[in-house]
Amino acid sequence: MGMKRRGRGKRFFVVVIVLAVVAAGVAFYLKGPGPTDFSGGQKVALSDYKDANPTSVPASMKGDDVVKRGEYLTRAADCMVCHTARGGPQFAGGYALVLPVGTIYSTNITPDKATGIGNYTDQDFLAAMHRGVRKDGARLYPAMPFASYTYMTDDDALAIKAYLFTLAPVSAPARENALTFPFNQRWLMAAWSGIFNADARFKPDASKSAEWNRGAYLSEALAHCGECHTPRNLAFAMNNRKKFAGSETGGWRAYNITADHDSGVGQWSDGELTAYLSSGHANGHGSASGPMGEAVAESFSRMTPEDVKAIVAYVRSVPATNSADLPATLAPPAPDSHKEGIAAANAHGKQVFEGACQSCHAWTGVSDISSYATLTGSRAINDPSGNNVAQIVISGSTSPDRKGSPDMPAFGDTYSNAEIAAVANYVTARFGSKASSLTENDVETLRRQSAR
Amino acid sequence: MSQSRQLKVNGEDKTVDVPDDMPLLWVLRDVIGLTGTKFGCGIAQCGACTVHIDGRPVRSCQFPVSAVGDRAITTIEGVGKTPAGAKIQKAWLDEEVVQCGYCQSGQIMSASALLATTPKPDDSDINAAMAGNICRCGTYVRIRTAIKRAAGEPIA
Amino acid sequence: MSPMTIDRDGKTLARRTFLKGGIAGGFLLAFHVPLHAMNESTAPLDDTTNQFAPNAFIRIDRAGKTTLVMPQVEMGQGVYTSIAMILAEELDADYSQVALEHAPPNDKLYGNPVFGIQVTGNSNSIRAFWKPLRSAGASARAMLVSAAAKQWKVDPSSCTAKSGNVMHAASNRTLSYGALADAASKETVPKDPPVKDPKDFTLIGKPLKRFDTPGKVDGSAIYGIDAMVPGMRFATLAASPVFGGKVAHVDDTAAKLVPGVHKIIVLDDMVAVVGDHMWAAKCGLDALKITWDHGANAEVNSDAIWKHLREASAKDGAIAKSQGDVGKAFASGEKFNAVYELPFLAHATMEPMNCTVQLKPDSCDIWQGTQVISRVQQTVAQLTGLPVEKVTVHNHLIGGGFGRRLEPDMALKAVRIAQKLDGEPVKVVWTREEDVQQDVYRPVYRDEISATVTDNKIVGWKYKVSGSSIIARWLPPAFQKGIDIDAIDSAIDMPYEFPNFQVEYVRVEPPAVPTGFWRGVGPNNNVFAIESFMDEIARKLGKDPIAFRLGMLEKSPRFKAVLDLVAQKSNWGQALPKRTGRGVCLQPSFGSFIATVVEAEVDESGEVLLKRINCAVDTGIAVNPDTIVAQLQGGLIFGLTAALYGEVTIEGGRVKQSNFHNYRMLRIDQIPPIDVHLVQSGEAPGGIGETGATAGPPALRNALFAATGIPLRRLPVDRDVLAGRKQPWA
Ligand code: FES
Ligand code: FES
């Protein structure tokens, strides 16, 4: 008996060593390249960068006081959307982020001393923004994008803090997170952070223009586009080998925005990308909805034209990565007669469409009412998963400037999962290049994932 | 922005000075004074505001006046002059479709556009063209019969 | 919503009396009589100089133009046509030449005999006015005949009247009503003129064409919302979204920049924007940053309302009716009991709420469609302090009443807005969202029923209905001894004969939410609970639902007749495919006898597909059979919409539903064939306007019960329960 036990002791020690080596290797492999490594140029410290400073606020606002600058940067960093519960006071937290591992609730960042960040010193604030460490030392979950905010300069982070401290304090205690084991162990985040948080400020690429670098800083350090658009690896960190190649967040698909012709934004013109970011709509490409709709409404549409132009220039430069699950060609308009077009027998989906949807979207998919309601050419319609079509039917979509452009009502309360699945499958089949095959259970899952 | 523009409504030229994004519905009702086109929901869900733009049925509550261009606008007050419109209006009276009547301008505009493009509509054609028009009084049974009557088909 | 106090003593609901009468059948599709544009009453109706005006309803001028004054308002139920037919029948007027006018506000002349004030509702226009209109027509005819007889110096009995002329056959002389107008005015009005024997009817009973539809088909018909007054501005408003809340602060900087905004009006409980057109008013309202003081109701939600209703319904109520010895009956027999609950419902009339007002220092003009024209006049007079006669209400065609326009609130809100203007007219139009969220809602109800059965017969029956009393608010004098006569309607007069039965009413006012009459009123709730319970008992006894009901209808031949007819027409009892069922509903509501069978299928995911609907209707003398068929077809769809989708939920003290995307309507592609079969029983006319709304839900519920075996006891239909994903509520 003894022999086996001692033997097993030695063998156990070897296994631990091997595991440690493998873990280190895997960790190094998973860490992958940094967000702007793809540009290939020489990264320099901000102070060494000769051209215009790409950080802080646009040139026209450089003279504004810190609170004004902080307000602009808070919008650019899109803090309000996640830190505000539906219908609740702004920045007071309580917004649910439904993740595969459970639900996390955002916290109160108003200057309330008891339940907000009223007691945070500058250093406390920087620790949270750059390293994901709270004032009480506990670790933030990466749902708070500190792995992107880490690239933000101290000045910009503190300008945001200055603006937040001008808000009326709201008493709103944090809501209990509901994460499954082991993900509810905050200390694990220290290990995660050690590997996946660069904890380094933004380094401009000396070989690139000031506009490209401004776009890089805005997209990575503030708007954190990669947190939604870059696929996640096994450890839920951004896999920059497939930068901007599309991912899924809160029940919505954030599509591929690389330069790929078929599945990315290769076919978009600069003007269309600019229109999409500043108004939430690009003719022939559809409208921003769900989380992207919120980002446009609260963040991109309020940036200066030069900043939007810089973001477009930067996004354009991200190398093409193809998403094989997205069809290469976008479907043309459907016939004007309801009898022509798809042959798939989806009577139920057609019935929902002819009653509630046809008035705006028409049988052709090219709206008679407004380009905002045109389905032809939209990525969500040409996505065989039908994921975002179902989500838009559930939660609707509003355009930020409301200038006469129609809003899509939210049908989720009175149309059943079966009806929403049927109409999504009908719409992708008739107006997209490949029909989706959502079931009512899929729609139930989508509802849970996007619950606020 | 608000600017003076020329609209051709039921064959007549109308000059109006209204904001670009103003829905055609309110231009017709409140500015031109043609109150036959009705407001029912404002979000393109009920069909009461349906007019024709170059013959195509459109929900005027979500159709900005700036999108009209020089296309011809036909409303309930003028649709009787079109062959399809006249047949539909006659069939509506023959079948006594109407109850409160508030949705019926929209119903008739959708039905006239259907008849103009599909002279012999079957049930699926009627559903496709009319399901967007809500009738709170529930006159759907007679709407279907009246469309078939207008198309000269034997009533099922 | 402060309770309406009425200075006049309102009459309590008279017992429904049945008059004997013959019948005249035959279908004659007459031509269409265009309704002369009747929105603007030309000469004021009470100015009847050089006209023969023997009573409130009839005016004949010297040229023979016959004007009939409509005491009830046309809101789609075809009442203008049926009232004109009754008057023209007894008057022997030329039906093709009559002109119609809305009645002015005047309870004395035009008050509804049942309510004492001018009210169009409760499906009673025909039954309530059947006798007064016939005698008005008959007395006018008698005066014309006697005037002619005097002129010809002949005996009146030797003269006859026909389509606007008096003839003396013997001497082959004729005089037109116009020619006789002056002479007839001098005749004394006969007290109790003989009315025609129904077998001599020439108009009543015919599906004559309606007066109101031509204008409604060519876009010329004028509804309240279409009123155009010279110099008018347009406004829209937002009341506190939380019931009872107040305006705390309004930031109108952005709103002032909106092109076409003329004025922003802030009152204590609502905000309005006045503009050059509705779009300016609406964009102005959207641009306002309003902070509300939500007040006490901010925490009220649907769960709290249901909890409150269930707790309150446990206490003893007022006994509305008791027969035999219920206690003894329940000592024996097989016991059954069940509880049913129904949600709040919004009216969502197709024409959103609106009112046009011109308020001057010494006068106030109102343009709108209303079911209670005198109440609007009186409450506006109270609000403005003007004498009643200085308030002129121009009534209009109504784009859907369904009980919503029994309230004067839209006129009062419009007047309060006009009070902030300088005398120019203003048309206040509510957005659909405001219409749905500032409604008076069909109350939530909870019905507890128990029965005891011996050899397939119900011997004892106890029924308790708990819910809001709308009558207590709307017609206080009619709320006596704690009993709401509407809430127990169709519960105290069920079709079935039970030796021992008791009906109890518990008044429970929901927190925060205002309640009001909704098409089908009390019977909607009671017939749903009773007919659902009947099916559950029948199934447990292993009896066919129709056979079980027939066993308790010995003393009601009219109910038995309609039930047999609908069974035959709907192929009752014949096999049906899987998950498809037929459901029956028998109801006594509004003085008519109606049996309905709905056939429906439930697919695997719980979606309901309507297959076929049959309805047998005995409503006594059918004044206009065609409008009766139309009212049943439409009413059934109205009820089925509520059964499938209808629910208003409260969250944070406010209504969650807002427009047709989340307050859903049945559409044409979901409607099966609906066949309505009239039983001409010749009895005095019953009510029809609300019967379909009552019939739909129970018949559908019983069809789903037959199709799936699942007894739904709450509405709207829960598709998860039908698919077996959720347990049924019990
Ligand atoms: S008002 Fe335009 S569709 Fe309802
Ligand atoms: S006829 Fe009344 S809404 Fe259609």
Side-chain angles (χ1 to χ4, degrees), chain B residues 1-2 18-19 21-23 25-27 29-31 33-43 45-46 48 75-80 88-89 92-94 96-105 108 123-124 126-128 130-144 156, chain C residues 32 75-78 207 209-210 212-223 225-226 228 234 259-260 276-280 282-283 348-352 397-402 429 431-432 626-627 630-631 633-638 641 659-661 665-669 671 673-674 692:
Chain B
M1 257 341 317
S2 175
V18 288
D21 64 354
M22 181 167 173
L25 170 67
W26 300 112
V27 179
R29 288 183 58 81
D30 295 354
V31 179
L34 288 171
T35 58
T37 307
K38 303 303 187 201
F39 163 61
C41 71
I43 59 165
Q45 281 295 300
C46 79
T75 70
I76 185 69
E77 288 92 343
V79 80
I88 288 288
Q89 286 180 324
W92 244 242
L93 291 177
D94 292 346
E96 279 301 29
V97 173
V98 176
Q99 290 185 28
C100 92
Y102 192 77
C103 77
Q104 296 297 343
S105 321
I108 287 166
D123 280 326
S124 78
I126 294 174
N127 290 345
M130 304 302 292
N133 289 72
I134 289 176
C135 175
R136 191 65 170 119
C137 298
T139 60
Y140 298 124
V141 172
R142 294 185 178 204
I143 285 175
R144 186 181 299 278
Chain C
H32 247 281
M75 48 189 187
Q77 80 280 39
K209 288 298 171 193
R210 291 171 55 142
D212 55 325
T213 45
K216 292 178 177 176
V217 155
D218 63 18
S220 63
I222 305 293
Y223 296 84
I225 202 169
D226 301 328
M228 286 302 220
F234 301 82
D276 295 341
H277 36 68
M278 175 69 172
W279 181 244
K282 186 172 183 320
C283 291
T349 56
M350 207 66 220
E351 176 191 7
L397 294 173
I398 286 182
F402 313 136
V429 175
T431 58
R432 176 58 64 188
D626 190 56
T627 46
Q631 280 301 292
Q633 289 172 333
L636 280 160
I637 292 172
F638 195 88
T641 296
N659 207 318
F660 290 124
H661 65 295
M665 299 286 138
L666 278 171
R667 292 173 181 273
I668 193 169
D669 53 3
I671 302 306
I674 303 179

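As the structure is a prediction and not an experimental result, all values here were calculated from the model. Order of the sequence lines sets the chain letters (A, B, ...), proteins ahead of strands, with each chain counted from 1.
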Quiz item: Which residues pass the salt bridge (Lys or Arg N to Asp or Glu O under 4.0 Å) test with R29(B), sequence neighbours left out?
Solution: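 Counting only residues at least two positions away or on another chain, R29(B) forms a salt bridge (Lys or Arg N to Asp or Glu O under 4.0 Å) with D226(C).
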Exercise. May I ask you to test the I43(B)-R432(C) pair for a side-chain heavy-atom distance under 4.5 Å?
Key: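 A side-chain contact is absent here, since even the closest heavy-atom pair is not under 4.5 Å.
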Quiz item: Quick one: of G635(C), C283(C), G401(C), A630(C), who has the most non-hydrogen atom pairs under 4.5 Å with chain B?
Solution: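 Most heavy-atom pairs within the cutoff with chain B belong to A630(C).
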Quiz item: Can you tell which of G400(C), A221(C), S220(C), A348(C) has the highest number of heavy-atom pairs within less than 4.5 Å of chain B?
Solution: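 Most heavy-atom pairs within the cutoff with chain B belong to A348(C).
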With chain C as the partner, which of [options] has the greatest number of non-hydrogen pairs under 4.5 Å?
options: Q45(B), M22(B), Q104(B); answer: M22(B)
options: G36(B), C103(B), C100(B); answer: C100(B)
options: Q89(B), R136(B), R144(B); answer: R136(B)

Quiz item: Side chain, backbone, both or neither: which part of D123(B) has an atom under 4.5 Å from a heavy atom of chain C?
Solution: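 For D123(B), no heavy atom lies under 4.5 Å from chain C.
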Self-check item: Contacting region of I134(B) [heavy-atom separation from chain C under 4.5 Å]
Solution: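 Its backbone and side chain both get close to chain C.
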Is it the backbone or the side chain of [X] that comes under 4.5 Å from a heavy atom of chain B, or both, or neither?
X: M278(C); result: both
X: I668(C); result: both
X: T641(C); result: side chain
X: M75(C); result: backbone

Quiz item: Is the closest side-chain donor-acceptor distance between D30(B) and W279(C) under 3.5 Å?
Solution: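 No - no donor-acceptor pair under 3.5 Å links their side chains.
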Quiz item: Between the side chains of R667(C) and N127(B), does any donor sit under 3.5 Å from an acceptor?
Solution: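 No, no side-chain donor-acceptor contact under 3.5 Å.
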Quiz item: Roughly how far, to the nearest 0.5 Å, is CD of Q77(C) from CD1 of I398(C)?
Solution: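 I398(C) atom CD1 to Q77(C) atom CD measures 8.5 Å (nearest 0.5 Å).
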Self-check item: N/O donor-acceptor pair under 3.5 Å between K216(C) side chain and Q99(B) backbone
Solution: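 Present.
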Self-check item: Short side-chain to backbone donor-acceptor contact, Y102(B) and G40(B), under 3.5 Å
Solution: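 Flag not set: sc Y102(B) to bb G40(B) has no pair under 3.5 Å.
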Practice problem: Might you work through the side-chain contact (heavy atoms from CB on, under 4.5 Å) test for K38(B) and E351(C), ending with a clear yes or no? | Solution: CA-CA 8 Å; K38(B) 303 303 187 201; E351(C) 176 191 7; over 6 Å; no
